[in-house]
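Below is one structure, written out as structure tokens; the observations come after it.
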Amino acid sequence: MKKIKKAVVTAAGLGTRFLPITKVVPKPMLPVLDKPTIQYILEELDAVDINDVAIVVSPRTDIVKKHFSPAPELEKRLLEDGKEKLYKLATEMNRFNITFIEQKVPNGLAGAMLCAEEFVGDEPFLLLLGDELLYAEKGEKPCLRSLLETYEKTGKTTLSALSVFGDDVSKYGNMGVESEKDGVINVNRIVEKPPLTDALSNYAIIGRYAIGGEVLGILKTLKPRNNEIFLTDAFDILAGKGELVATEFEGKRFDVGDKAGYVKANVEFALKSEETREEIKEYIKAIAEKL
Ligand code: G1P
């Protein structure tokens, strides 16, 4: 079985839910505390030693590329001024080996993956959706670590499963569970965003995947529905053949493509940063009394 050594990050969404800021600033560049969201995603990959990454972007992307490129004048100036800490912050993104791929037609997640075909070849890879941020507390296993371990153990395309309840069930792809053993969930069906009454289980699919080499081939055989090919349709085919597994997600997840989720992520990361923790904690306590 081939090991996973590459990752594809999708960041081509038009960000219409965030207009007017996304008119000029692409969604992956919106900051959570002091970093653009896309940088947190690359740090997640760095933590599992995957630095060979393709980011699928939309045509207006120069600023994303710029963020991950050296800035010689700024770097020189910071060094000359002896500002080593700032120099480190300004250069820490230079270590990634990033390929930028343009998704010219906004035809969804499967379309974005097909754009990355040349980059991945027939190798398995990690797929990360750019508008979700994850955080593992101490003692929790980071999502990508679980995905890689489960993929290596089973050799099967692996999803990350989040337990959801009530109306939230219809916001996600949903998994039918055949059996569950030693942390591996054997998935027998997938439905995309079902009404609550048709849900197969409480397991939702989140935006981190270990994709086996066969998936792109399956995508190419699928017929579009509403002008879009659905990745979940390819997963359903694999599930029907007993070739799809999942691992339960531990940790916190923020949907930063959504305004409330974006604000929650900012609050959470501000509470984790030594620089801002105390001040923000006091502020939240003070306003909470009046809510
Ligand atoms: C996509 C997938 C869905 C998954 C979700 C996770 O949906 O199609 O199966 O549950 O991401 O965020 P989207 O949020 O792009 O509509």
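Note that the numbering runs from 1 along the sequence shown for the chain. Both ligands and their constituent atoms are indexed starting at 1 by order of listing. Predicted, not measured: the structure shown is a model, and the values here were computed from it.
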Any salt bridge between E140 and R145, counting N to O under 4.0 Å?
->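 Salt bridge absent between E140 and R145.
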Are any of the side-chain nitrogens in K2 or D122 under 4.0 Å away from the carboxylate oxygens of its partner?
-> yes
Name the closest protein heavy atom to [atom], giving the residue it belongs to and the distance to 0.1 Å.
atom: atom 16 (O) of ligand 1; result: K193 NZ, 2.5 Å
atom: atom 8 (O) of ligand 1; result: E192 OE2, 2.6 Å
atom: atom 11 (O) of ligand 1; result: L129 CD1, 3.5 Å
atom: atom 10 (O) of ligand 1; result: I205 O, 2.6 Å
atom: atom 6 (C) of ligand 1; result: E132 OE2, 3.2 Å

Report, in ascending order of atom number, the atoms of ligand 1 lying under 4.0 Å from any heavy atom of [X].
X: G173; answer: 3 (C), 4 (C), 9 (O), 10 (O)
X: R253; answer: 12 (O)
X: T232; answer: 9 (O)

Are the side chain of S160 and the backbone N or O of I206 linked by a donor-acceptor pair below 3.5 Å?
->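 Flag not set: sc S160 to bb I206 has no pair under 3.5 Å.
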Under 3.5 Å, side chain of T158 to main-chain N/O of K156, donor-acceptor pair present?
-> yes
Do the two ring centres, one from Y135 and one from F269, sit under 6.0 Å apart?
-> yes
K27 NZ/CZ over F18 ring centroid, <6.0 Å and within 45° of normal | no
